[in-house]
J.: 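Sharing a structure below in structure tokens format, with a few things to ask.
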Number of protein chains: 2
Amino acid sequence: MPADRSPTRIQKKNRAAILEAALDVFSAHGFRGATVDQIASEAGLSKPNLLYYFPSKEAMHNALLEQLLDTWLDPLRELQAEGDPLQELMGYVQRKLQMSRDYPRESRLFANEIVQGAPRIHAALTQELKSLVDEKVSVLQDWMDQGRIAPVHPYHLIFSIWSLTQHYADFDVQVRAVLGDEDPFATAPDFMETLYRRLLTP
Amino acid sequence: MPADRSPTRIQKKNRAAILEAALDVFSAHGFRGATVDQIASEAGLSKPNLLYYFPSKEAMHNALLEQLLDTWLDPLRELQAEGDPLQELMGYVQRKLQMSRDYPRESRLFANEIVQGAPRIHAALTQELKSLVDEKVSVLQDWMDQGRIAPVHPYHLIFSIWSLTQHYADFDVQVRAVLGDEDPFATAPDFMETLYRRLLTP
DNA sequence: CGTGACTTTGACCAGTTGGTCAAATCAGGA
DNA sequence: TCCTGATTTGACCAACTGGTCAAAGTCACG
């Protein structure tokens with residue numbers, strides 16, 4: 001096991017390579033479907049060498065999830081109570097959509113975990129996630145009470161943004177199978193814009 | 001292997017029990033994460049007995065997927081070109097939402113398969129699925145051309161219905177972690193109704 | 001009740017899995 | 001250069017995996 005001291009050049013490089021490979025494999029096969037051998041070969045390292053940097057397969061998975069949950073919630077954190085309501089919400093939707101386009105593996109990693117009952121991050125859902133959502137929901141509720149956006153169930157509003165945007169990452173093969181050659185990300189932003197403008201304009 | 005003749009009472013009962021258990025296990029762990037032993041013990045049969053009724057683990061998975069793809073597309077098939085456009089679409093949304101509530105395991109089985117790249121049903125996506133969607137999209141397009149519903153990208157409209165409704169089955173733990181005690185299916189139908197009425201009313 | 005087909009299972013197998021370990025190799029500061 | 005700690009790996013292991021098979025048990029029907 002590498003020491004707890006500040007990481008050497010080699011440690012930095014290898015840890016990053018391992019996490020990169022692990023993201024690839026876990027997001028494509030889920031936790032139980034991924035094998036350490038597969039991650040090792042994709043990282044260009046031997047299996048015992050992986051286990052020198054991370055004590056177990058589960059530790060790699062945890063490292064990814066912890067690192068990612070924060071990044072994943074950033075777009076929602078940026079939603080400002082002080083801004084223009086419709087503009088803030090549109091910004092949030094477009095940021096989430098960009099994340100689906102630019103980080104589809106991260107999206108699928110979470111999707112795999114949640115679909116299978118979130119056995120490894122259930123605590124984080126009821127804590128960090130819930131409290132952030134509760135906070136932003138109260139902002140939405142204020143806007144609705146002030147008549148600045150149309151009144152709708154604020155939690156379902158947020159769920160709808162999550163599901164619509166992540167759909168393009170998580171169900172990518174299905175979307176592309178139906179759309180054929182058309183690039184989903186070329187037309188999705190416009191659709192989202194229309195949908196939420198119609199829904200939320202008072 | 002059971003004969004090809006008409007199934008005996010025992011064959012019917014055991015096949016059904018196996019598929020029921022397989023649905024439970026596959027939907028909770030994905031294909032690679034599920035084990036035949038686990039399915040066997042949940043079905044109350046021995047492992048060799050399972051493999052007497054199905055030649056392999058993959059055969060069980062295929063049997064489930066084939067049987068389910070049809071059921072899964074039924075709500076869309078019921079969308080009638082002759083009916084009232086808004087009412088037809090609302091009906092479709094509500095039928096899909098009910099399927100998420102009543103058959104969450106089926107939804108998660110598909111979700112697992114698609115998220116992991118649909119290695120086993122990719123052909124069905126580009127054939128049965130695509131042709132049904134193409135057909136219904138042309139109905140939607142006619143309605144839009146006639147000004148009977150607002151013009152939006154028809155494929156994204158269908159994707160949005162899929163993602164919104166299935167979210168409540170596939171991401172159930174997350175939804176419940178955020179909502180606390182509130183039953184998502186008590187308030188979701190109303191939210192969907194509002195959303196699609198605002199989006200589609202001309 | 002007897003018989004042949006259907007059903008069930010314990011024991012087993014070869015391949016894969018996550019993980020260990022001692023020994024070998026390497027990097028870099030004195 | 002040499003030495004010490006960091007890094008790497010081949011060989012290995014026990015547990016588990018999907019799947020096989022011959023033998024035993026059960027059923028339905030004449």
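All chains are named by letter (A, B, ...) in the order of the sequence lines, taking the proteins before the strands, and each is independently numbered beginning at 1.
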J.: Measure all distances between protein nitrogen or oxygen atoms and nitrogen or oxygen atoms of nucleotides 26-30 of chain C, and list the pairs falling under 3.5 Å.
T.:
unit_1: C:dG28; atom_1: OP1; unit_2: A:R9; atom_2: NH2; d: 3.0

J.: Can you find a side chain N or O atom of A:N49 that sits less than 4.0 Å from OP1 or OP2 on D:dG10?
T.: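 No, because none of the side-chain N or O atoms of A:N49 sits under 4.0 Å from OP1 or OP2 of D:dG10.
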
J.: What does the B/S/- profile of nucleotides 17-22 of chain D look like, 5' to 3', with a 4.0 Å heavy-atom cutoff to protein?
T.: SBBBB-

J.: Taking OP1 and OP2 of D:dT7, is either one under 4.0 Å from a side-chain nitrogen or oxygen of A:Y52?
T.: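 Yes, because at least one side-chain N or O of A:Y52 sits under 4.0 Å from OP1 or OP2 of D:dT7.
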
J.: Consider only side-chain N and O atoms of A:E182 and A:T187, and report whether a donor and an acceptor are under 3.5 Å apart.
T.: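 Their side chains do contain a donor-acceptor pair, which is all the 3.5 Å distance test asks for.
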
J.: I'd like to know if B:R95 pairs up with B:D102 as an ion pair, taking the criterion as any Lys NZ or Arg NE/NH1/NH2 lying under 4.0 Å from an Asp or Glu carboxylate oxygen.
T.: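 A salt bridge is absent here (no side-chain N lies under 4.0 Å from a carboxylate O).
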
J.: Salt bridge or not between A:E20 and A:R105? Use side-chain N to carboxylate O under 4.0 Å.
T.: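 Yes.
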
J.: Just so I know, are the side chains of B:M144 and B:L157 near enough to count as touching, which here means a heavy-atom distance under 4.5 Å?
T.: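 Sidechains of B:L157 and B:M144: in contact.
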
J.: Just to confirm, is there a sub-4.0 Å distance from OP1 or OP2 of C:dT8 to any side-chain nitrogen or oxygen of B:N14?
T.: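 For C:dT8, OP1 or OP2 has a side-chain N or O of B:N14 closer than 4.0 Å.
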
J.: Could you check whether any side-chain heavy atom of A:F110 comes within less than 4.5 Å of a side-chain heavy atom of A:S27, counting everything from C-beta outward?
T.: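 No; the side chains remain at least 4.5 Å from each other.
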
J.: Could you tell me how far apart A:K13 (NZ) and D:dT8 (C1') are, to the nearest whole angstrom?
T.: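 The answer, rounded to whole Å, is 12 Å.
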
J.: Could you tell me whether A:Y103 atom OH has more than 12 heavy atoms of other residues or ligands within 6.0 Å of it?
T.: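 Counting neighbours around OH of A:Y103, 12 or fewer heavy atoms of other residues, nucleotides or ligands fall under 6.0 Å, so no.
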
J.: Can B:Q116 and A:N112 be counted as having a side-chain donor-acceptor contact under 3.5 angstrom?
T.: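 The criterion, which ignores hydrogens and geometry beyond distance, is satisfied for A:N112 and B:Q116.
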
J.: Please give, in whole Å, the distance from D:dT9 C1' to A:L45 CG?
T.: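 A:L45 atom CG is separated from D:dT9 atom C1' by 11 Å.
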
J.: Taking CD1 from A:I18 and P from D:dT7, how many angstroms apart are they, rounded to a whole number?
T.: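 Taking atom P of D:dT7 as the reference, CD1 of A:I18 is at 11 Å.
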
J.: Are A:H61 and A:F31 close enough that their ring centres sit under 6.0 Å apart?
T.: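 Yes, close enough.
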
J.: To 10°, what angle do the rotation axes through the five end pairs on each side of the helix from C:dC1-D:dG30 to C:dA30-D:dT1 form?
T.: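 Between the axes fitted at each end of the helix from C:dC1-D:dG30 to C:dA30-D:dT1 lies an angle of 10°.
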
J.: Output yes when at least one side-chain N/O atom of A:Q11 is less than 4.0 Å from OP1 or OP2 of D:dA6, else no.
T.: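 Answer is no, no contact under 4.0 Å.
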
J.: Under 6.0 Å between the ring centres of A:H156 and B:Y168?
T.: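 Judged by ring-centre distance (under 6.0 Å), A:H156 and B:Y168 do meet the cut-off.
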
J.: Tell me the interatomic distance from A:F26, atom CZ, to C:dG18, atom C1', rounded to whole angstroms.
T.: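 From A:F26 CZ to C:dG18 C1': 11 Å.
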
J.: Let me see the working for A:Y92 and A:I161 under side chain to side chain contact (heavy atoms under 4.5 Å, CB included), right down to the final yes or no.
T.: CA-CA 9 Å; A:Y92 175 46; A:I161 296 173; 3.7 Å; yes

J.: Is it true that, when you exclude A:Q87 itself, more than 12 heavy atoms of the residues, nucleotides or ligands shown sit nearer than 6.0 Å to its CD?
T.: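 Open: at most 12 neighbouring heavy atoms sit under 6.0 Å from CD of A:Q87.
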
J.: Using whole Å, report how far OH of A:Y53 lies from P of C:dG19.
T.: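 After rounding, the gap between these two atoms is 18 Å.
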
